[in-house]
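All remarks here apply to the structure that follows.
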Amino acid sequence: MRTPRSVALLLGTAVALGATALTAGQASAINSYNASPAPERTETGAFVALWDRTDDGVADRLDWVCSGTMIDADTYLTAAHCTDDWPAGTRFFVSLEQDVQTLFDTTPGTPDEQAATLLAAGKLVEGDTFQDAAYPGPSADAHDIGVIDFAARTVTPADVWDFVPATLPAAGALDALGSRALDAAAWTVAGYGTQEAVRQPGGQTHPGGGVRLKAPVDFDALNKTWVRLAMTAPQGNGGACYGDSGGPNFVELDGELVLAATTITGDGPCYATNVSYRLDSPSARAFLKTFVALP
């Protein structure tokens, strides 16, 4: 699996929280402290790729690589660093299943055969990737936003799964609320990513992943295109880690759960900060309006 961990955006030690090399087995996601399963977050799905790692013309990997959210019946929102720079011929899928790692572990055959089986069983839906043409931008606005779109496909996720698309924020909604109201609001991050760093004799590892979990996070700071969320365990928080890129950061506003931002980066061990791309910004909305009706 490709490893975009070297992509730094904001912090000196920050890394894009896309996919890392994974091992099979029962998985945990987000980070393990203060996290819980999220079967009710049916709009949150895994970004899956079938690709040729060895460049010999044969697809040899079927992996979940990132997270994301259905924002209408045929549009799955994720990060541009998840959709970017794949080998020619790579196929892209979304799964809204709760445990995609077990699907892969228990489906026999080659990666091509596994994909065909899971497609036929309604466990994967194939789509087409698009990303902001300005990605990668500067740290002030990385334009790190992309989608898997199903408008040109005969089968969409809405044909296979029951879900209510996430509610997007209005233009400038987070600015209008201000830091005090955002700090008082309840925030939740969800995704399929790995656990926080585990120290081993050979260095840090990030076990688990491939299961949809959620965790509470706290508001920290807001700027032009980013919202920073605190993941510190003593305050009761969990947080995002590798493979959670593109996944949702929800905030509860006036009793409504709003998809405020998508996970992009954070500290390398996944202990402290989730840096997420705002969806109420002009640049995010300029990209999204091509695919969905915006509030």
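Numbers here are sequence positions counted from 1. All values below were derived from every heavy atom in this structure, side-chain atoms included, with hydrogens, water molecules and symmetry-related copies excluded.
- Using modelled atom types, one side-chain atom of D144 and one backbone atom of A80 make a donor-acceptor pair closer than 3.5 Å.
- Of the residues D175, D141, T262, N249, the one that meets the side-chain hydrogen bond (donor to acceptor under 3.5 Å, both in side chains) test with R278 is D175.
- Checking T69, L259, D280 one by one against L168, the side chain to side chain contact (heavy atoms under 4.5 Å, CB included) holds for a single residue, L259.
- Side-chain contact between K214 and V189 is absent, with no heavy atoms from C-beta onward closer than 4.5 Å.
- When each of F93, F92, W161 is tested with V125 by the rule side chain to side chain contact (heavy atoms under 4.5 Å, CB included), just one qualifies, namely W161.
- Residues R285 and P295 form a side-chain contact, since some pair of their non-hydrogen atoms from C-beta on lies under 4.5 Å apart.
- In this structure, a donor-acceptor pair under 3.5 Å is absent between the side chains of D218 and Q235.
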- Query: Between W187 and F250, is a ring pair (Phe, Tyr, Trp, His ring centres under 6.0 Å) present by the stated rule, with each step listed?
  - Reply: CA-CA 6 Å; W187 292 79; F250 296 107; over 10 Å; no

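- In this structure, SG on C82 lies 11.5 Å from CD1 on I145, to the nearest 0.5 angstrom.
- Residues T154 and D159 form no side-chain contact, since every pair of their non-hydrogen atoms from C-beta on lies 4.5 Å or further apart.
- Using a 30° and 60° split on the angle between ring planes, F47 and Y76 fall in the tilted class, from 30° to 60°.
- Side chains of L229 and M231 form no contact here, defined as non-hydrogen atoms less than 4.5 Å apart.
- Side-chain contact, D244 with T263: no donor N or O sits under 3.5 Å from an acceptor N or O.
- Side chains of D105 and T102: no donor on one and acceptor on the other come within 3.5 Å.
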